[in-house]
Amino acid sequence: MKALRQINYFDVILFLSGIALAVAVRYSLLDYKSIDFFKYTKVWYNTVKENGFSAFSQNFSNYNPPYLYLLYLIARFFPDIPGVIATKLPSLIADFITAWFAYRIVRLKYTDSPFPLFAVFGVLFAPTIVLNSAFWGQADALYTSALLGVIYFLITKKYVLAMLAFGLSLSFKAQAIFLSPLLFALLLKKEMSLKYFLLIPLVMLLALVPAWIAGRSLIDLLLIYPAQAGQYDLLSMHAPSIFSWIPDSGAYYIYLYPAGLISAAATGIFFSIFVYKSRYELTPSILIELALIIVMLMPFVLPKMHERNFYPADVISIIFAFYFPRLFFVPIIMSVISFFSYQPTLFGVEPVPISLLAFGVLILVIILSRDAIIRLFPPGLETEKLETQ
């Protein structure tokens with residue numbers, strides 16, 4: 001009875017109402033069938049539904065198997081669900097896992113406050129989060145939810161779980177690699193042991209085992225991500241990146257694609273060294289800020305990026321605002337940029353030129369980088385060191 005009296009029933013009602021509304025807004029969008037559904041996910045779902053587990057012996061999808069396993073389980077245990085809902089269901093569930101990790105991360109700072117609950121709703125009602133899963137039917141929530149797990153476990157110094165989560169994230173989508181420069185920086189700073197990194201390929205290999213058992217060649221499975229990289233000969237797929245400033249990205253692809261990859265690798269290495277050289281403690285707030293910078297910076301400088309590759313930045317920026325209230329505008333601007341960058345693909349219009357949206361990303365990167373430099377290299381720190389020597 002004492003425990004019951006301590007429950008804040010208003011908060012419970014608020015939480016349940018918010019969750020109900022988050023479910024309702026997604027339910028209202030479920031019947032929409034995108035071009036990607038007709039060309040890809042519908043075909044994949046029908047293949048696993050008709051052929052069962054033996055379907056994994058075939059090369060019927062350009063996705064890594066874990067997402068396809070989820071489609072198989074839905075087809076196996078819930079065969080009467082319409083295909084369009086079945087293909088969206090894994091991402092819809094991942095939306096709420098993402099929100100749960102956002103709650104856990106924000107609660108590390110606000111233990112007795114409604115802010116963690118606000119973070120949940122901030123994630124669940126962000127325009128591109130809703131559009132990506134419930135409307136478009138993309139799978140970005142799957143790898144991003146695992147990336148939030150990585151950040152949470154890094155903050156709480158549970159490094160084994162962090163590396164397992166990173167391996168899982170990479171198993172769903174190669175874009176999880178955006179966070180790797182931060183992990184490499186932690187390795188350089190000896191925050192983590194090299195042995196923890198061995199868990200990443202272990203998880204990725206284990207994710208391939210069911211498809212391998214089904215009869216698909218292991219070499220074929222290992223080449224899925226390299227094959228994905230060779231799909232499009234365009235420097236930008238409506239992504240607000242530096243390559244959106246190239247007038248004809250197809251004409252210069254053969255020259256700028258290799259140069260772009262090298263430049264992006266150099267950017268990641270520079271970021272890792274930048275973090276390593278700081279002698280300042282990597283507090284939870286600093287880790288979140290660095291995570292946001294790198295998941296925003298990498299798709300900005302990489303060629304062949306899609307608009308939805310900024311999805312992790314959309315989510316992490318919301319968490320970031322709770323740790324840095326004075327920079328509350330960051331998630332607002334990031335969400336607006338992503339929302340307008342979705343327009344050409346989803347609705348066939350371009351209300352704001354992608355090249356202009358790229359300037360918005362650049363401005364955010366500059367603001368965040370300046371703030372991180374000040375935090376990692378405080379102006380008086382070197383003077384204090386000299387005085388103590």
Side-chain angles (χ1 to χ4, degrees), residues 63-67 69-70 90 94 97-108 139-212 218 221-222 224-226 264-265 267-269 271-276 278 281-299 309 311-313 315-316 319-320:
Y63 263 42
N64 219 34
Y67 172 68
Y69 298 153
L70 298 177
I97 297 174
T98 302
W100 182 78
F101 271 118
Y103 172 87
R104 297 293 297 174
I105 294 171
V106 174
R107 197 171 184 274
L108 293 173
D140 297 285
L142 289 166
Y143 83 94
T144 301
S145 61
L147 279 186
L148 284 197
V150 176
I151 295 170
Y152 174 74
F153 294 128
L154 287 178
I155 292 173
T156 55
K157 299 189 182 301
K158 297 176 181 177
Y159 297 128
V160 171
L161 293 177
M163 294 300 98
L164 291 174
F166 188 62
L168 179 62
S169 185
L170 275 172
S171 297
F172 278 113
K173 272 204 168 185
Q175 285 79 4
I177 200 73
F178 295 161
L179 193 65
S180 60
L182 177 58
L183 300 179
F184 184 58
L186 294 176
L187 175 65
L188 291 177
K189 291 178 73 67
K190 298 183 179 179
E191 294 279 340
M192 288 192 295
S193 170
L194 181 61
K195 64 183 179 182
Y196 296 140
F197 283 76
L198 299 177
L199 296 172
I200 299 171
L202 176 62
V203 172
M204 296 182 69
L205 285 172
L206 288 175
L208 302 179
V209 168
W212 178 59
L218 183 60
L221 290 165
L222 292 172
I224 289 175
Y225 283 157
T267 300
I269 293 170
F271 174 90
S272 300
I273 295 173
F274 164 76
V275 177
Y276 163 68
S278 170
E281 180 186 359
L282 295 182
T283 62
S285 59
I286 292 282
L287 279 173
I288 292 168
E289 183 170 43
L290 292 173
L292 177 57
I293 291 171
I294 199 60
V295 300
M296 192 181 294
L297 183 59
M298 294 310 292
N309 292 153
Y311 185 98
V315 174
I316 297 173
I319 298 170
F320 169 84

Requested in this report: Go through the steps for Ile288 and Ile155 under the test side chain to side chain contact (heavy atoms under 4.5 Å, CB included), then give the verdict.
Outcome: CA-CA 9 Å; Ile288 292 168; Ile155 292 173; 3.9 Å; yes
Search all heavy atoms of [X] against all heavy atoms of [Y] and return the closest pair with its distance.
X      : Y      : value
Leu221 : Pro65  : CD2-CG, 3.8 Å
Ser145 : Phe101 : O-CD1, 3.5 Å
Tyr311 : Ala141 : OH-CB, 3.4 Å

Query raised in the report: Any sub-3.5 Å donor-acceptor pair from Tyr69's side-chain atoms to Ala211's backbone N or O?
Result: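 Yes; at least one donor-acceptor contact below 3.5 Å.
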**Report entry** Residues Phe166, Val203; criterion side chain to side chain contact (heavy atoms under 4.5 Å, CB included); working and verdict
**Finding:** CA-CA 9 Å; Phe166 188 62; Val203 172; over 6 Å; no
Separation of [Y] [atom2] from [X] [atom1] (nearest 0.5 Å):
X      : Y      : atom1 : atom2 : result
Leu168 : Leu206 : CG    : CG    : 11.0 Å
Leu287 : Glu281 : CG    : CD    : 9.5 Å
Leu182 : Glu289 : CG    : CD    : 11.5 Å
Tyr276 : Phe271 : OH    : CZ    : 16.0 Å
Leu164 : Phe153 : CG    : CZ    : 9.0 Å
Asn64  : Leu222 : CG    : CG    : 9.0 Å

Show every donor-acceptor pair shorter than 3.5 Å between a side-chain atom in residues 169-180 and any protein atom, with sequence neighbours excluded, or say none if there are none.
from: Ser169; atom 1: OG; to: Tyr143; atom 2: O; distance (Å): 2.7
from: Ser171; atom 1: OG; to: Gly167; atom 2: O; distance (Å): 2.8
from: Lys173; atom 1: NZ; to: Asp140; atom 2: OD1; distance (Å): 3.2
from: Ser180; atom 1: OG; to: Ile177; atom 2: O; distance (Å): 2.6

**Report entry** Stepwise side chain to side chain contact (heavy atoms under 4.5 Å, CB included) test for Ile151 and Leu147
**Finding:** CA-CA 6 Å; Ile151 295 170; Leu147 279 186; 5.6 Å; no
Requested in this report: Assess whether side chain to side chain contact (heavy atoms under 4.5 Å, CB included) is satisfied between Leu142 and Leu70, documenting all intermediate values.
Outcome: CA-CA 11 Å; Leu142 289 166; Leu70 298 177; 4.1 Å; yes
Would a 4.5 Å heavy-atom cut-off, applied to side chains only, mark [X] and [Y] as touching?
X      : Y      : result
Leu290 : Leu282 : yes
Leu154 : Leu183 : yes
Ile294 : Pro181 : yes

Check: residues 184-198 side-chain donor-acceptor pairs under 3.5 Å, at least two apart:
from: Lys189; atom 1: NZ; to: Ser278; atom 2: O; distance (Å): 2.6
from: Ser193; atom 1: OG; to: Lys195; atom 2: N; distance (Å): 3.3

Query raised in the report: Tell me, which pairs form a side-chain hydrogen bond (donor to acceptor under 3.5 Å, both in side chains) where one or both residues lie in residues 97-107, sequence neighbours left out?
Result: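 For residues 97-107, and leaving out neighbouring residues, the side-chain hydrogen bond (donor to acceptor under 3.5 Å, both in side chains) pairs sorted by first residue read Tyr103-Arg107, Arg104-Tyr152.
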